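First up is the structure itself, then whatever we jot down about it.
Below, chains carry the letters A, B, ... as their sequence lines are ordered, and counting in each starts from 1. Since the structure is predicted, the reported quantities are computational estimates derived from the model, not experimental observations.
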Amino acid sequence: MDQVKKSIIKKDAFALISGMPVYTDDLAPKDALVIKILRSPHPFARIKNIDVSEALKVKGVELVLTHKDVPRKPITRAGQGYPEPSPYDKFILDEYVRYVGDEVAIVAAEDEFAAEEALKKIKVDYEILEPVLDFEEAECNTSIIHPEKEAFSQFDIGYMPEKNIAASYSMEVGDVDKLIEECEKDPDCVLIKRRYYTQAQAHVMLEPHASFAYIDLHGRLVIVSSTQTPFHVRRQVSMVLDIPIKSIRVIKPRIGGGFGGKQALHGELITALVTWKTKKPSKLVYTRREVFEATYTRHPMRFDITLGAKKDGTLKLIDVEVLSDTGAYGEHALTTLMVAGSKTLPLYNKVEGVRFRGKVVYTNKVPAGAYRGYGAIQGNFVLESAMDELAQELGIDPVDLRLKNVIREGETSPIFKIMGEGREGVEMIVRSCKLEEAIKRVVELSGWKEKRSKSERNGSKVRGLGFAIAMQGSGIANIDMASAILKLNDDGSFNLLVGATDLGTGSDTILAQIAAEELGVSTDDIIVYSSDTDLTPFDTGAYASSTTYVSGNAVRLAAKKMLKLIKEEAAKMLNVSPDEITWDGKVLRAGDKEISLKDLATKLYYTENQKQLVADASFVGPESPPPYAATIAEVEVDTETGKVDVLKYYTVLDIGTPINPNLAKVQVEGATMQGLGMTLYEDVKYSGTGRLLTNNLMYYKIPSRLDVPEIHVEFLESYEPTGPFGAKSVAEIGIDTPPAAVANAIYSAVGVRIRELPITPEKVFSALKGGMKS
Amino acid sequence: MKIRVKINGQDRSFEIDPSEYLLDTLRKNGYMSVKRGCDTGSCGACTVLLDGRPVISCSVLSASVDGHEITTAEGIANQMKEYMHALASEGADQCGFCQPGLLVMIYYLKKMIDKGLIERDKETVRRYLIGNLCRCSGYLPQERAIFRFLGVD
Ligand code: FES
Ligand code: FES
């Protein structure tokens, strides 16, 4: 191995750092029509009348569209594989507006001034409807958010719009009610029941959503977009606008961060529509306010969890009931809910009974959608906090309680088969799992034993350590497909064409490393081109921690085929049989005969056996091997103010082989800070009337560089046999543990248990006033 | 109205609207390293130097820079190769959207520290950079590179 497990510099690094024009808005044609959107000021209303005549008179205005002018076809913007497990409950524009920020009308004009001016001149007469703002009151509310007849779901996802339910799910292994009953009676058993809440979080990728469109020389529609899912964009645009797929090309340039927020379609449908109608280039760049108000948040959730265990710490049952808030539209409603169970419950695979049930309700708020670690971070906070509470109750060290119950290499969990993403999952034996080792290592690194035994107090400040573990997946097994094409050039270099979507993580480089390793060449000789539906083969996109594992496997298979082709051609040139050929990365040899790859390629192009060598491969994960993490956070709580400072953060992970250790580490560091933001202060807030309060970066605070604790990231030696060179995923796992690790540390410091994120000083302070541990 | 400015050493003149902000003027005229990340002056992605001092160009009226000198990442990137290499070696570039603005700040800090006008100290450097938000990296890899490049301990 010399091209993987190596911290190669990202291929686009110097272009990005020096500010080359590589993002969507940098590349938009200068004469593109500027699109602006009129958005609803009401959380729930019906448009009685809309008059655009004055807007059309504004000089420079090209087009104004309302719900009367657009095709009335329900869609889901979720950006998932087809058929999607999300309800088709959204129209490009609708007579109903369902949250403050929902689209009312589209204006395209020569410049921004004209577009803004026209927006002001659109007159809308609304019939105000009673909004549903509290998700705990959504089910069976008298206000029905999706009364429209056209909305539907592609298959059974527990969609019940008449009850404001976007999706629902339940599963059970063993007889949980009976186990609970037994546990209640058994003096040798401990049962805890708790309620937890998690909040909405905003992605705040630094580049706002942007797309532009133009017509090419063949009269086709070209969309350039900062999207994580170009192939889904093509399919959706085709479907809604009734343009054949063959007439659409979607190109993804560099992306300024996504974190799931750019998995869905936000804007592409509109630029496509405007350009298709006017045949002129158009662009739509969201303002930061629009990103906050009119894209996505993380799903807020309420959890009721019951854990039962024997006094010796043997976990007997887990029962989880979830209420999730999907906001105005049901994108990712079911999958996020299911992940809250599927990516947490297998951690404790030896229980006698496990049940997971939940409903996802509509409210008149910003739609919730995909966000890094979706479902898992919520579920993890709850399960790992509850495990800490159970340990407390049992009088067992939280680490020992985990060690007694966690999943180990070679084992399985029934959950893998029962719960997939929106449907059944796949059976899976855990082939690589260094969770136990990770736990032991993080305990040692953090000084857990010594530090837990004495409480450190400095005036009003008290320190404590908290522990949590996590798992994720690597792509969506049996559903998501990736593919790759390798093409040999006449200097012996290779083009690698992939549909996989680098959203700033460095996945282009990682895929090049995988190709280079398999081919036995240097990563410098792999030229990567990613995500252009005309030129690169299909890939479902960058989500669900899929690129390294799913796309990486496709790349590896393509490289294997390419090497075979090269050897066959070399054998012909050298007049030997292919298995006599040896290859050192530069020269192909058989006995005393040899030919360099460069000479072989030149001959193939110009003189002998002329042909282009191309190899392709596709991959669908037969399983989704989980990466694992064990984390310990050390916090300091100020008992006078309730302020929590995270001082140190240790996290030890099993991600299989880190293909690029530097990039893997940065994924974990970045995810940790997003997770700590969610733990301590990030919170999407609304006014009593449903207006978003946190609609800019002054009101919605993300971590700054002064908020960063000492973070220690360590990867364990591990090898996933089904992964490319042993790799599993790394993009999401790092975000899962911060909330529980910190909540547990606060408990250990000051004895208060915060069951509602974010853990603000106010909450800690009032909990402290309510009863301090002596 | 018309303004004359020196950008990255070149004399330019632009026709602008009096209400226009420097960020838009620069982007309209091809200085795409200057990014827009917010609408409240909170992210630092639009940082440029105005007469050698960092400003957020989204909050400076173009009309007010008539006769002044502006430096963008395009103008200094080739003097910052060592820094870029340090950053890339840490994998800190990630999505890159925050990077050109940060590069401008580091260029400025390097000059000031070398002249002894800013203390060669981690906390000081951090405070200067607090306005340059990054959502991808968690700041740590950036800081490993920045501190190394600036010789700060
Ligand atoms: S664009 Fe965010 S500070 Fe200027
Ligand atoms: S690298 Fe993406 S915001 Fe900094």
Side-chain angles (χ1 to χ4, degrees), chain A residues 7 9-10 12-23 25-27 30 112-113 203-208 254-259 285 287-289 503-506 660-674 676 696-699 702-708 711 713, chain B residues 17 19-20 24 27-28 30-45 72-74 76-78 80-81 83-85 87-104 123 125-127 129-143:
Chain A
S7 293
I9 284 179
K10 261 176 81 210
D12 52 3
F14 297 103
L16 299 186
I17 305 169
S18 64
M20 271 177 70
V22 294
Y23 302 93
D25 187 41
D26 304 345
L27 302 168
K30 284 217 152 152
E112 206 164 324
F113 291 108
H203 306 70
V204 198
M205 67 298 272
L206 220 56
E207 178 205 25
R254 292 291 100 186
I255 303 184
F259 315 119
V285 180
T287 61
R288 176 57 59 189
R289 181 174 167 166
L503 47 145
T505 56
N660 185 317
N662 256 350
L663 294 178
K665 181 172 171 192
V666 177
Q667 280 300 307
V668 178
E669 290 172 330
T672 299
M673 284 317 297
Q674 279 183 14
L676 287 176
N696 65 43
L697 280 172
M698 293 194 303
Y699 299 137
I702 63 166
S704 87
R705 59 186 79 234
L706 300 185
D707 301 319
V708 185
I711 298 180
V713 177
Chain B
D17 186 280
S19 65
E20 194 171 309
D24 297 299
R27 286 190 62 83
K28 247 188 247 172
Y31 299 94
M32 293 296 184
S33 72
V34 193
K35 308 292 185 203
R36 180 191 294 286
C38 69
D39 19 60
T40 46
S42 317
C43 74
T72 69
E74 282 95 345
I76 50 178
N78 59 9
M80 294 290 282
K81 293 227 167 88
Y83 163 70
M84 293 203 274
H85 197 268
L87 204 63
S89 305
E90 291 292 344
D93 40 306
Q94 291 295 295
C95 88
F97 206 74
C98 65
Q99 297 296 345
L102 183 66
L103 177 113
V104 168
E123 246 355 85
V125 168
R126 252 188 215 127
R127 286 191 187 277
L129 297 178
I130 189 172
N132 292 79
L133 296 182
C134 176
R135 187 60 153 171
C136 298
S137 68
Y139 304 104
L140 287 158
Q142 282 185 359
E143 295 195 343

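- A donor-acceptor contact shorter than 3.5 Å is absent between the side chain of B:Tyr139 and the backbone of A:Asp707.
- Counting all heavy atoms, side chain and backbone alike, B:Ala88 lies closest to A:Phe14 at CB-CZ, 4.1 Å.
- Looking at A:Gln667 and B:Gln94, their side chains come closer than 4.5 Å, going by heavy atoms from C-beta outward.
- Shortest non-hydrogen contact noted between A:Pro21 and B:Met32 is CB-CB, 3.8 Å.
- There is no contact between B:Thr72 and chain A, counting heavy-atom distances below 4.5 Å.
- Heavy atoms of A:Thr287 lying under 4.5 Å from chain B belong to its backbone as well as its side chain.
- Contact between B:Arg127 and A:Leu706 at its shortest, heavy atoms only, is NH1-CD1, 3.6 Å.
- Note on B:Ala73, B:Gly37, B:Gly91: by heavy-atom pairs under 4.5 Å with chain A, the leading option is B:Gly37.
- The existence of a salt bridge linking B:Lys35 and A:Asp25 is excluded, since no basic side-chain nitrogen approaches an acidic carboxylate oxygen closer than 4.0 Å.
- Expressed to the nearest 0.5 Å, how far CG of B:Asp93 lies from CG of A:Leu16 amounts to 6.0 Å.
- When all heavy atoms of A:Met673 and B:Gly138 are compared, the closest pair comes out as CG-CA, 3.5 Å.
- In this structure, the side chain of A:Asn662 engages the main chain of B:Ser89 through a donor-acceptor pair within 3.5 Å.
- Per-residue heavy-atom pair counts under 4.5 Å with chain B were compared for A:Gln674, A:Arg254, A:Glu112, and the maximum is reached by A:Gln674.
- For the set A:Ala13, A:Gly504, A:Ala15, the entry with the most heavy-atom pairs within less than 4.5 Å of chain B is A:Gly504.
- At least one donor-acceptor pair under 3.5 Å links the side chain of A:Lys30 to the backbone N or O of B:Lys28.
- No side-chain heavy atom of A:Glu207 sits under 4.5 Å from any side-chain heavy atom of B:Cys95.
- No other option in B:Val34, B:Leu129, B:Leu87 has as many heavy-atom pairs under 4.5 Å with chain A as B:Leu129.
- In this structure, B:Arg36 and A:Pro208 have side chains that are not in contact, with every pair of non-hydrogen atoms separated by 4.5 Å or more.
- From B:Gln99, atom CD reaches atom CD1 of A:Ile17 across 5.5 Å, with rounding to the nearest 0.5 Å.
- For the atom pair CZ (A:Arg705) and SG (B:Cys134), the distance works out to 7.5 Å, reported to the nearest 0.5 Å.
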For B:Leu140 and A:Lys665, run side chain to side chain contact (heavy atoms under 4.5 Å, CB included): C-alpha distance rounded to whole Å, both residues' side-chain angles, the deciding distance at 0.1 Å, then the answer. CA-CA 10 Å; B:Leu140 287 158; A:Lys665 181 172 171 192; over 6 Å; no

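- A distance of 6.5 Å separates CG in B:Leu133 from CG in A:Leu697, rounded to the nearest 0.5 Å.
- For A:Val708, the part lying near chain B is the side chain, with the backbone staying farther off; criterion is any non-hydrogen pair under 4.5 Å.
- Atom-to-atom distance recorded for B:Cys136:SG and A:Glu669:CD is 13.0 Å, nearest 0.5 angstrom.
- Of all the heavy atoms in B:Ala45 and A:Leu206, the pair that sits closest is CB-CD2, 4.4 Å.
- Residue with the most contacts toward chain A among B:Gln142, B:His85, B:Met84: B:Met84 (heavy-atom pairs, distance under 4.5 Å).
- Atom CZ of B:Arg126 has more than 12 neighbouring heavy atoms from other residues, nucleotides or ligands inside a 6.0 Å radius.
- Contact of A:Ser704 with chain B is made through backbone and side chain together, with heavy-atom distances under 4.5 Å.
- B:Cys38 and A:Arg288 make their closest contact through CA-CB, 3.6 Å (heavy atoms, listed as atom of the first residue, atom of the second, distance).
- For chain B, the option among A:Val22, A:Val285, A:Val666 with the highest count of heavy-atom pairs below 4.5 Å is A:Val666.
- Ranked by heavy-atom pairs under 4.5 Å with chain B, the first of A:Ser18, A:Gly257, A:Ser7 is A:Ser18.
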